[in-house]
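All values reported here derive from a predicted model rather than from experimental measurement. Side chains included, hydrogens not; waters and symmetry mates left out as well; all remaining heavy atoms used.
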Amino acid sequence: METILFRDTAEDISAAAELIKNGEVVGIPTETVYGLGADACNEKAVKAVFAAKGRPADNPLIVHIADFSQASLYTASVPALAYKLAERFCPGPLTMVLPKNEKIPMITSGGLDTVGIRVPSHPVMHSIIERSGCPIAAPSANISGLPSPTCAEHVMEDMNGRIAAVLDGGKSEFGVESTVISLDGDESVRILRPGAVTKEMLLEVCRNVIIDPAILRELKDGERAVSPGMKYKHYSPKADVVMVEGELDDFKNFISQNNGDGVYSLIFDGDEAEFPYRYFTYGADSSEQAHWLFQRLRELDEIGAEKVYVRAPLKDGIGLAVYNRLIRAAGFEVIRI
Ligand code: TXA
Ligand code: MG
């Protein structure tokens, strides 16, 4: 199949929406990362999404809607807290896991009786949902296990020939996927995947925010994943990634002892003065690091890096999301110095 590259024009947006309406899979821009969009209620279309990604069937897809008022169309109930959260964070990078109703097929929810609902803020994505007239199921538009795509070229790299089209809506603003939460009673939420809606921000609306412990460590043998995505290898480039936690001087010292052919460092902007080793930088603060991380991981592959030592990011604010992606890219290999 030939994959069409659409531009950010009214005509192309309508054409992309039309394809989705007709059961095709299209790479679409969002403010977090690019998604692989299909009609969430069309089993055949959703099946094609799983096939294009090579995604395990038990890992559910997020359903994207144009306005949170439509959540009740696809869920069995919407608690008051969900509306409160939506008022503050929708549209935006937040996904709420809610009990699903029969309109969402089991294949979309990976066999679960819940569905992740998100209202994206990207204007192009918003128009595509409105014009297609369907809720859009969309996982990140990468081949399963690879870094998520933050621009149309990344989607083309992974999906050319596998899907009907990609719409180029520019570079994704945040660069990491949405914050996924489940709701627990009237006042409490649990973060299943950290993102740009941070714990501190959620605490403005909820009394209690639990960070699921599996966000920062590997699942233990036999431990049940509260979110199926936690079980799988993620965000991994071909290079062997290792995260190194420590001050800059310790990091430099570590590299001096572990340098060799094919070894690269991924450091902060500002670390590079007197850094006499091969390196890429991924931003000066957590927001920049979120924005650049996946692109840098792809670039390190292009250049043929074999081993990448990453200077570990801070773990507060959106930094927790960056840390969470990196620890998975590193297969939980962290060196503390
Ligand atoms: O920002 C995003 O969320 C992007 C854009 C395209 O919207 N989408 C995305 O989808 O990251 P995906 O499929 O790559 O990641 C969704 C994550 C997975 O880890 C999945 O297990 C979890 O959300 N998830 C989805 N539905 C869930 C549910 N009903 N219960 C628990 N976890 C769920
Ligand atoms: Mg993904």
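Considering CZ of Arg224 and CG of Leu219, their distance stands at 10.5 Å, rounded to 0.5 Å. Here Ile117 contributes atom CD1 and Phe68 contributes atom CZ; the two are 7.0 Å apart, rounded to the nearest 0.5 Å. To the nearest 0.5 Å, the span separating CD1 on Ile210 from CD1 on Ile191 amounts to 10.0 Å. Here CG of Leu81 is found 8.5 Å from OG of Ser188. Values are rounded to the nearest 0.5 Å.
Aromatic ring pairs are classed by plane angle as parallel below 30°, tilted from 30° to 60° and perpendicular above 60°; the pair Phe254 and Phe251 is tilted.
Atom CD of Glu200 sits in a crowded spot, with more than 12 heavy atoms from other residues, nucleotides or ligands closer than 6.0 Å. Within a 6.0 Å radius of CZ in Arg88, more than 12 heavy atoms belonging to other residues, nucleotides or ligands are found. Around the CD atom of Glu274, the shell of radius 6.0 Å holds no more than 12 heavy atoms that belong to other residues, nucleotides or ligands.
In this structure, Arg278 forms a cation-pi arrangement with Tyr264, its terminal cationic atom sitting closer than 6.0 Å to the ring centre and no more than 45° off the ring axis. Within the cation-pi definition used here (under 6.0 Å to the ring centroid, within 45° of the axis), Arg325 does not qualify as a partner of Phe294.
Here the two rings, on Tyr282 and Phe280, have centers that are 6.0 Å apart or farther.
A donor-acceptor pair is defined here as one N or O able to donate and one able to accept, closer than 3.5 Å; no such pair exists between the side chain of Ser178 and the backbone of Val180. His291 contributes a side-chain N or O that, together with a main-chain N or O of Glu173, makes up a donor-acceptor pair within less than 3.5 Å. Under the 3.5 Å distance criterion, the side-chain polar atoms of Thr108 are left unmatched by any main-chain donor or acceptor of Ile104. At distances below 3.5 Å, at least one donor-acceptor pair connects side-chain atoms of Glu288 with backbone N or O atoms of Ala284. Side-chain atoms of Asp301 come within 3.5 Å of backbone atoms of Ala239 as a donor-acceptor pair (strictly under, hydrogens ignored).
Between Lys100 and Asp113, no side-chain nitrogen of the basic residue sits less than 4.0 Å from a carboxylate oxygen of the acidic one, so the salt-bridge criterion is not met. A salt bridge is defined here as a Lys NZ or Arg NE, NH1 or NH2 lying under 4.0 Å from an Asp or Glu carboxylate O, and Arg190 with Asp184 fails to meet this definition. Salt-bridge formation is not detected for the pair Glu31/Lys171: no Lys NZ or Arg NE/NH1/NH2 atom is positioned less than 4.0 Å from an Asp or Glu carboxylate oxygen. The pair Lys199-Glu204 does not meet the salt-bridge criterion, since no charged nitrogen lies less than 4.0 angstrom from a carboxylate oxygen. Salt bridge absent: Lys84 and Glu87 never bring a charged side-chain N and a carboxylate O closer than 4.0 Å.
Between Val308 and the choices Leu266, Val242, Val263, Asp240, the side-chain contact (heavy atoms from CB on, under 4.5 Å) rule is met once, by Leu266. For the pairing with Thr30, the side-chain hydrogen bond (donor to acceptor under 3.5 Å, both in side chains) check across His122, His64, Arg118 returns one residue only, Arg118.
Considering only residues two or more places apart in sequence or on other chains, Phe174 meets the ring-ring contact (aromatic ring centres under 6.0 Å, His included) condition with none of them.
When only modelled atom types and interatomic distance are considered, Thr281 and Glu272 share no side-chain donor-acceptor pair under 3.5 Å.
When side chains are defined from C-beta on, Ile181 counts as touching Leu202, because their heavy atoms get closer than 4.5 Å.
Following chains of ILVMFWY side-chain contacts shorter than 4.5 Å, one cannot reach Val241 starting from Ile337, and the two form parts of different hydrophobic clusters. Linking ILVMFWY side-chain heavy atoms closer than 4.5 Å, directly or via other members, places Val244 and Tyr323 in two distinct hydrophobic clusters.
Through chains of ILVMFWY side-chain contacts below 4.5 Å, Met156 is grouped with Leu5, Val25, Tyr34, Leu36, Val46, Val49, Phe50, Leu61, Ile107, Ile143, Leu146, Val155, Met159, Ile163, Val166.
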Applying salt bridge (charged side-chain N to carboxylate O under 4.0 Å, His left out), run through Lys44 and Glu24 and close with a yes or a no. CA-CA 9 Å; Lys44 221 173 132 210; Glu24 298 287 344; over 6 Å; no
